[in-house]
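Here the structure is laid out as structure tokens; the discussion comes afterwards.
Quick caveat, the model's predicted, so the values are computed rather than measured. Every number for a ligand or one of its atoms is a count from 1 in the order of the listing. The residues of the chain are indexed from 1 along the displayed sequence.
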Amino acid sequence: MSNFNFDVITLFPKAFDLINNLGVITRALENDLINVKLHNLRKYGEGSYKQVDDKPYGGGSGMLLKPGPIYKAHESISKFPKSLTLLMTPQGKVMKQKDLRRWSSLDQLIIISGQYEGFDERVRYLADEEISLGDYVLTGGEIPAITIINGVTRLLPGALGDPNSLTDESHNGPFLEYPQYTRPPNFREMKVPEVLMSGNHKEIKLWREKQMLKRTQERRQNIV
Ligand SMILES: C[S@@+](CC[C@H](N)C(=O)[O-])C[C@H]1O[C@@H](n2cnc3c(N)ncnc32)[C@H](O)[C@@H]1O
């Protein structure tokens, strides 16, 4: 049995081919750390045309996903004891690292991915949480769903080669990460700060702490 189960309801399962070529995520799939099941909404479509969408009542542009196929797809999924259903919508709560951390202790995330003009309002009742990637509109919920699979998987024990990468990085605490450099020491007149090459660990730590604060103040005024 996998440690973590993602079940995604989508009209475009092929979009998830990406996770088979995504480094850490692909390795987690191969090592059975995660299991990703794609539930093609079309299979639950209505009538001989397997209809999944229809025009909005009251008029307006585009098509909406009907509630019936989404409810049927959701009911077909075996639920694990610690499971949440997330609905992808630009109207949802904007996802933060702390959400990924909270979800990473579950057994299962069921992710409902919208398309077209979105979905019938009654689909919202299936969701434990409505989640947005940010305040902008994409064509579908597939990229948000892949983002969640990616962000949760890298937090699972055993996913990353060095679990310390998780403690030092941006958004783990209140500060963004400090600037990082690798060789060469001088690249096109851009020099690595001397202190990082000094071998003085106390000074390096101090420099990094100052840089974290500076960087966060410059880029995230809202949290410092
Ligand atoms: C074109 S959008 C629909 C937008 C909807 N008419 C509205 O104004 O709120 C189609 C689908 O893409 C997904 N989507 C688009 N932007 C998103 C975002 N920022 N975060 C999460 N999902 C998004 C949702 O699943 C949504 O149902």
Under 3.5 Å, side-chain donor or acceptor atoms of residues 36-50 against the rest of the protein: list the pairs with distances, not counting sequence neighbours.
| unit_1 | atom_1 | unit_2 | atom_2 | d |
| --- | --- | --- | --- | --- |
| His39 | NE2 | Asp7 | OD2 | 2.7 |
| Asn40 | OD1 | Arg42 | N | 3.0 |
| Arg42 | NH1 | Lys50 | O | 3.0 |
| Tyr44 | OH | Ser76 | OG | 3.1 |
| Glu46 | OE1 | Lys66 | NZ | 3.4 |

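Under the rule for a side chain to side chain contact (heavy atoms under 4.5 Å, CB included), Tyr57 has no partner lying at least two apart in sequence or in another chain. Asp128 pairs by the side chain to side chain contact (heavy atoms under 4.5 Å, CB included) definition with Leu84, Thr85, not counting sequence neighbours.
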Gln108 vs Ser83, test: side chain to side chain donor-acceptor pair (under 3.5 Å). Steps then yes/no. CA-CA 5 Å; Gln108 181 182 37; Ser83 170; 2.9 Å; yes
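Looking only at distances, no side-chain donor or acceptor of Thr153 sits under 3.5 Å from a matching main-chain atom of Ile25.
Residue-level contacts of ligand 1 at the 4.0 Å heavy-atom threshold are Met88, Thr89, Pro90, Gln91, Gly114, Gln115, Tyr116, Glu117, Gly118, Phe119, Ile131, Ser132, Leu133, Gly134, Tyr136, Val137, Leu138, Thr139, Gly140, Gly141, Pro144.
When all heavy atoms are compared, the tightest approach of Leu176 to Thr216 is N-OG1, 2.9 Å.
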